[in-house]
Number of protein chains: 2
Amino acid sequence: MSELEESIKSYFGVPNEENLATIMSVFEFQKIKKGAFLLKVGEYCRSLSFVQSGLLRMYIPTPDKDITQWISTTGDFTTDLSSFIFETPSRLSIQALTDTEIFTLSKENYNRIGNEVSEWHELEKFFIIRCFVMLEERIFSHLSMTAEERYNVFFEKHRELFHQVPLQYIASLLGMSPETFSRIRKNLEK
Amino acid sequence: MSELEESIKSYFGVPNEENLATIMSVFEFQKIKKGAFLLKVGEYCRSLSFVQSGLLRMYIPTPDKDITQWISTTGDFTTDLSSFIFETPSRLSIQALTDTEIFTLSKENYNRIGNEVSEWHELEKFFIIRCFVMLEERIFSHLSMTAEERYNVFFEKHRELFHQVPLQYIASLLGMSPETFSRIRKNLEK
DNA sequence: ATAAATCCTTGATTTTTATCAAGAGCAATA
DNA sequence: TATTGCTCTTGATAAAAATCAAGGATTTAT
């Protein structure tokens, strides 16, 4: 079974075989070169992508610096949800940190799934609720933890990332400067 | 038309009259005294509530202090979504800051709506996506703004709250100490 | 009405984190 | 191979925010 199929089942629950086949059939395979953009700020995000392999960084450019919102890795879905669903200009860019393989679902095909697969909205709802809960936890980490504590929590969950992406991006998504990040690492290695 | 009915329409879109009637009929009116709990940490959250009037504070108790996650006011829905949906112990408490009137939807009735109202899951999905996007913005505020900037953004959106709830709770939900909050206010009044 | 709580403010101090600046290590490139 | 970018580290300093402590104001309870 493909990685994508596995992930659909594990994220969305197991629809019946026929529906799963329908869902699978509308994803399109695509390769993105390192440094290329899947989405740029201001564009309309017309697709939702599943990462088959590689790494994608979502970030929001601001006047003084880029804010890394998240880094998507193998097995993740990525999109600007707001732009994709409500068809508004995207507030973020998505760029490949390495050569990346994705399965892409266009807005048209996404809508088709909604019409053709009766459980879809419900499955999707559960999926989004899980994402929502993760964001709640992330906010909690900013309300109650120091930079070092956020570092530790993130490190426990995402060790792999630490030797795959520039650490400055992880610092940014944790809400601290690269220098602070570096010093925390130095401290912990003792 | 009732406040609840208005809000259902504006948050969830307009289902047909019959469905709207079905939805409305399963909410139960309830009064909560100031200081009383709608939900306590560790309990299973069995309901989703609409605030008809009054104020509810959601917070997470930690060893050294309570972290206010959000304050719900007239027209808001409130619940521990994770606990309600996945039937896990709640990680937060919900307490009334004033005498409060709510319309409550039990998990059973919530499920009934899902079965009886065909568009329900889709409407709900849109609703949750909007909540998700709000959390994304809140995270962004912690990644890129100072305490004072977060204060200003929040103040613009939620002026009413500033003369209705203890300011320390607002400080907490913005991720700063009450003293910092107080000093920011002093600074701004000049 | 008085006492007790709660809440906000303010000052002094400490801690945390950001900023600035420089340099080292490494990889890509010409 | 030399050069150019990156990336990370480190130190020095500055700024932001937390903590500690006290006092005043207001609300709530007795």
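Residue numbers begin at 1 in each chain, while the letters A, B, ... track the order of the sequences.
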request  = Starting from P on C:dT6, measure out to CZ on B:Arg57 and report it in whole angstrom.
outcome  = 13 Å

query = Would you say the side chain of B:Glu179 and the base of D:dC20 hold a donor-acceptor pair, judged only by whether the two atoms sit under 3.5 Å apart?
reply = yes

query = Which nucleotide in the set C:dC7, D:dT10, D:dC20 lies at the smallest distance from any side-chain heavy atom of B:Pro166?
reply = C:dC7

message = Using a 4.0 Å heavy-atom cut-off, does A:Gly175 contact any base of the nucleic acid, only the sugar-phosphate backbone, or nothing at all?
response = sugar-phosphate

key: Among C:dT17, C:dT10, D:dA17, the nucleotide that comes nearest once only the side chain of B:Ala147 is considered   = D:dA17

message = Between A:Thr146 and C:dT16, is there a contact of a side-chain N or O with OP1 or OP2 at under 4.0 Å?
response = no

query = Starting at CD1 of A:Ile184 and ending at C1' of D:dC8, how long is that distance when rounded to a whole Å?
reply = 14 Å

query = What integer distance in Å separates A:Lys186:NZ from D:dT10:C1'?
reply = 6 Å

task = Rounded off to whole Å, could you give me the CG-to-C1' distance for the A:Leu167 and D:dT9 pair?
result = 11 Å

ask   = Nearest of D:dA17, C:dC7, C:dA18 to any side-chain atom of B:Tyr169?
value = C:dC7

query = Rounded to the nearest Å, what distance is computed from the NZ atom of residue A:Lys33 to the P atom of nucleotide C:dA28?
reply = 14 Å

task = In whole angstrom, give the distance that lies between atom CG of B:Asp64 and atom P of D:dA18.
result = 13 Å

key: Proximity to the side chain of B:Arg183 - top-ranked nucleotide from D:dT9, D:dT19, C:dA18   = D:dT19

query = Nearest-Å distance, OH (A:Tyr151) to P (C:dT16)?
reply = 18 Å

note = One should read off an interatomic distance between B:Ile139 CD1 and A:Arg138 CZ, to the nearest 0.5 angstrom, of 4.5 Å

request  = Please lay out, stage by stage, how B:Lys31 and B:Asp99 fare under the test salt bridge (charged side-chain N to carboxylate O under 4.0 Å, His left out).
outcome  = CA-CA 7 Å; B:Lys31 290 190 179 193; B:Asp99 288 359; over 6 Å; no

query = Nearest to the side chain of B:Lys34, which nucleotide is it out of C:dG11, D:dC8, D:dT28?
reply = D:dT28

remark   = Which of C:dC8, C:dC20, D:dC8 is nearest the side chain of B:Gln168? It is C:dC8

request  = Please name the residue in the list A:Phe103, A:Phe84, A:Phe50 that meets the ring pair (Phe, Tyr, Trp, His ring centres under 6.0 Å) test with A:Phe77.
outcome  = A:Phe50

ask   = Would you say C:dT17 has OP1 or OP2 under 4.0 Å from some side-chain N or O of A:Thr180?
value = no

task = Nearest 0.5 Å please: distance from the CE atom of A:Met134 over to the CD1 atom of A:Ile129.
result = 14.0 Å

query = Separation of B:Ile170 atom CD1 from C:dC7 atom C1', in whole Å?
reply = 13 Å

request  = Give the intermediate values and the outcome of salt bridge (charged side-chain N to carboxylate O under 4.0 Å, His left out) for residues A:Glu136 and B:Arg91.
outcome  = CA-CA 11 Å; A:Glu136 277 193 329; B:Arg91 296 150 308 135; 3.5 Å; yes

ask   = Of the nucleotides C:dT9, D:dC8, C:dT17, which has the atom closest to the B:Arg185 side chain?
value = C:dT9

ask   = Which nucleotide in the set D:dT10, C:dC7, C:dA18 lies at the smallest distance from any side-chain heavy atom of A:Ser177?
value = C:dA18

